[in-house]
Amino acid sequence: MPGKTKFIFVTGGVLSSLGKGLASASIGALLECRGLKVTLLKLDPYINVDPGTMNPFQHGEVFVTDDGTETDLDLGHYERFVNVRLNANNNFTTGKIYHSVISKERRGDYLGGTVQVIPHITDEIKNSIIQTSENVDIVIVEIGGTIGDIESLPFLEAIRQIRFDVGKENVLYIHLTFVPYISTAGELKTKPTQHSVKELRSIGIQPDILLCRTDRFLSKEIKAKIALFCNVSQDAVITAKDVECIYEVPLVFNKEGLDNKILELLNVWTGSPRLDAWNKLVEKYKHPAHSVRIAIVGKYTDLTESYKSLNEALSHGGIDNDAKVDLLYVDAGALDKKNYEDILSEADGILVPGGFGSRGIEGKILSIQYAREKKVPFFGICLGMQLAVVEFARNVAKIKDAHSSEFNAESQSPVIHLMREWFDEKTQSIQRRDDSTEKGATMRLGAYPCRLLKKDSFAYGAYKSEKISERHRHRYEFNNDFRKPLDDKGLVFTGTSPKGDLVEIIEIKDHPWFLGCQFHPEFKSRPMAPHPLFRDFIKASLEHHQKMRIP
Ligand code: GLN
């Protein structure tokens with residue numbers, strides 16, 4: 001597309017959880033299907049500098065990018081829907097913006113001036129938006145929170161100003177709102193939408209397009225009413241209907257004419273969108289031939305948001321195997337020696353995901369023992385891999401007090417520990433840690449290379465490549481003092497860092513599929529390119545299902 005980069009700002013109204021992240025990602029997908037180069041940016045109004053320190057119960061999963069930034073989970077949607085690799089520049093919070101302005105103030109950059117929200121904070125926000133626009137046709141910027149929140153005001157002021165800075169024809173405001181069906185009245189109600197748009201207009205932003213989240217298609221009359229009261233054209237009122245499968249959202253938007261309208265308003269010419277791959281994907285998702293049940297033994301069993309990428313990666317693995325994946329959330333804290341067999345016998349595959357904190361550790365270890373002994377396919381991710389090592393050390397190698405020093409600092413057999421010295425591939429230098437740094441020890445974050453050591457392994461069977469790269473987010477590592485004793489007992493080390501000092505993948509033999517990895521493969525799985533480990537784990541679980549449950 002010749003000419004300037006265009007900006008689409010996505011705001012949300014009425015209430016949270018309407019799916020602004022998915023809507024933004026879907027817009028990105030549609031524009032990409034028209035051959036445009038797109039990037040996405042999330043602006044979060046909270047004051048944490050990044051979500052790394054936030055409780056997943058409250059805020060959902062922390063998504064990690066290749067460069068090791070801990071970001072909002074919406075960046076996960078962006079990477080899954082659009083062919084982009086995001087980094088630190090694709091997620092800004094109020095905290096990060098203020099941090100930068102205050103550092104500049106301390107450095108003396110504003111000498112003589114009074115530092116204020118307008119223009120200093122708003123300029124910083126605008127710069128964060130503009131810097132993403134290099135080499136792309138369209139930048140989609142999602143503003144977190146809901147219109148009316150105090151925190152989001154500086155962001156809204158900044159995006160209001162951008163239309164003046166870069167020109168009216170280069171900016172589009174899309175507002176996601178809610179149109180509830182009230183069963184007692186038997187009608188769809190437009191008032192919340194009217195109020196939300198009124199609020200937005202009172203701060204100087206007139207939305208160009210409204211995405212109306214609802215459980216049914218909006219009639220012409222309802223659209224006309226919303227258009228009139230909200231001052232948008234009728235064909236810019238788009239039904240954002242609930243869908244069975246999130247990957248259907250781009251298709252529903254397309255049918256409603258959203259991408260056409262966006263391009264018309266931004267005055268961009270493209271060919272028609274190539275949606276075949278999306279259509280095929282949704283078709284496959286909706287009509288699976290098989291089904292498989294995976295137990296996720298974790299801490300956050302109530303909130304699917306806490307394991308967003310994991311759930312998606314499992315569903316991608318399912319799509320590839322023509323299977324529907326049913327998730328059975330097992331609260332590790334409630335598993336004990338009396339009930340674990342009953343609960344886990346329901347599962348065709350067992351997965352222990354990443355995690356922090358000691359709650360439920362012994363329950364997770366029990367479930368790993370069950371998977372190993374009963375030969376149920378097992379996938380351990382990060383903490384799940386570390387606990388698989390602990391389980392093996394205790395029950396196979398008979399190192400009774402084996403533990404991770406994260407949970408028992410006194411253990412004489414810390415099979416998982418904080419490393420004193422290792423070679424860091426990112427900085428290409430030796431890293432050291434002593435007692436004084438232990439507590440505040442930083443995490444291994446982001447993409448690290450890994451070498452697969454054995455062709456005859458589940459890992460190599462999946463990746464079919466000796467060199468891989470995966471994303472990490474953890475402090476503790478496998479303790480090399482135990483490499484020989486555990487190897488002697490049959491734990492197989494199938495992936496390590498290129499220099500060999502960091503264990504990245506462990507497996508056991510004589511098992512249909514048992515693999516633990518120190519990294520988080522779920523962050524790189526895509527619906528169109530399911531992650532090979534998830535694909536193979538689901539395949540093995542499906543085989544287990546067929547063997548055990550089909551007479
Ligand atoms: N708590 C473990 C560590 O810090 C595992 C972290 C994780 O699973 N992401 O090493």
Salt bridge (Lys or Arg N to Asp or Glu O under 4.0 Å) between Arg444 and Glu504, intermediate numbers included | CA-CA 12 Å; Arg444 187 143 74 98; Glu504 306 284 43; 2.9 Å; yes

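At least one donor-acceptor pair under 3.5 Å links the side chain of Ser411 to the backbone N or O of Asp401. Listed for the Lys398 side chain is a donor-acceptor partner under 3.5 Å among the backbone atoms of Asn395. At least one donor-acceptor pair closer than 3.5 Å links the side chain of Lys524 to the backbone N or O of Ser469. A distance-only check finds no donor-acceptor pair linking the side chain of Lys42 to the backbone of Asn90 [under 3.5 Å]. Under a 3.5 Å cut-off, the side chain of Lys455 and the backbone N or O of Gly461 do not form any donor-acceptor pair. The main-chain N or O of Asn91 is found under 3.5 Å from a side-chain atom of Lys96 such that the two form a donor-acceptor pair. The backbone N or O of Tyr460 lies less than 3.5 Å from a partner atom in the side chain of Ser457, making a donor-acceptor pair. Judged by distance alone, with hydrogens and angles left aside, the side-chain atoms of His511 form a donor-acceptor pair with the main-chain N or O of Ala371 at under 3.5 Å. Between the side chain of Gln428 and the backbone N or O of Glu425, at least one donor-acceptor pair lies under 3.5 Å. One N or O on the side chain of Glu507 and one on the backbone of Ala459 form a donor-acceptor pair closer than 3.5 Å.
Annotation: the span from Gln386 atom CD to Cys517 atom SG amounts to 11.0 Å, rounded to 0.5 Å. Residue Gln518 holds its CD atom at 6.5 Å from CD1 of Ile416, rounded to the nearest 0.5 Å. Taken from OG in Ser100 to NE2 in His120, the straight-line distance is 12.0 Å, to the nearest 0.5 Å. Atom CG of Asp424 and atom CD1 of Ile430 lie 10.0 Å apart (nearest 0.5 Å). Summarising the geometry, atom CG belonging to Leu502 is positioned 8.0 Å from atom OG1 belonging to Thr496; distances are rounded to the nearest 0.5 Å. The CD atom of Glu406 sits 8.0 Å away from atom CZ of Arg475, with the distance rounded to the nearest 0.5 Å.
Looking only at side-chain heavy atoms (C-beta outward), Glu70 and Arg473 come within less than 4.5 Å of each other. The shortest distance between side-chain heavy atoms of Ile140 and Val38 falls below 4.5 Å. Residues Ile296 and Leu314 are in side-chain contact: their nearest non-hydrogen atoms beyond the backbone lie under 4.5 Å apart.
A salt bridge links Glu79 and Arg471; the closest N-O separation between the charged side-chain nitrogens and carboxylate oxygens is under 4.0 Å.
Checking Glu134 against Gln131 by side-chain atom types alone, no donor-acceptor pair falls below 3.5 Å. There is no side-chain donor-acceptor pair under 3.5 Å between Glu124 and Tyr98. Ser429 and Gln431 share a side-chain donor-acceptor pair at under 3.5 Å. No hydrogens or angles considered: nothing links the side chains of His417 and Ser405 as a donor-acceptor pair under 3.5 Å. Side-chain contact annotation: Tyr370 with Glu391, donor-acceptor N/O pair under 3.5 Å absent. Side chain to side chain, Glu61 and Ser306 fail the donor-acceptor criterion of an N or O pair below 3.5 Å. Using modelled atom types, one finds no donor on one side chain facing an acceptor on the other under 3.5 Å when comparing Arg535 with Ser525. Using a 3.5 Å distance cut-off with no hydrogens or angles, the side chains of Tyr448 and Asp66 do not pair a donor with an acceptor.
Shown here for Gly35 and Asp137, the closest heavy-atom pair between the two residues is O-OD2, 4.5 Å. Closest non-hydrogen pair, Pro530 versus Gly317, comes out as CB-N, 4.3 Å.
Among Thr65, Asp50, Val62, the single residue meeting the side chain to side chain contact (heavy atoms under 4.5 Å, CB included) criterion with Thr71 is Thr65. With His531 as the partner, the ring-ring contact (aromatic ring centres under 6.0 Å, His included) test is satisfied by one option alone out of Phe379, Phe537, Tyr463: Tyr463. Just one of Leu383, Val390, Asn408 meets the side chain to side chain contact (heavy atoms under 4.5 Å, CB included) condition when paired with Ile361; it is Leu383. For the pairing with Asp348, the side-chain hydrogen bond (donor to acceptor under 3.5 Å, both in side chains) check across His545, Arg293, His544 returns one residue only, His545.
Applying the ring-ring contact (aromatic ring centres under 6.0 Å, His included) test to Phe63 and every residue at least two apart in sequence or in another chain returns Phe523. Residues passing the salt bridge (Lys or Arg N to Asp or Glu O under 4.0 Å) test with Asp501: none are found, sequence neighbours excluded. In terms of the salt bridge (Lys or Arg N to Asp or Glu O under 4.0 Å) criterion, Asp456 has no residue partners (sequence neighbours excluded).
Taking the six-membered ring for Trp and the full ring otherwise, Phe534 and His316 have centroids separated by 6.0 Å or more.
By the 6.0 Å and 45° rule, Arg372 does not stack over the aromatic ring of Phe378.
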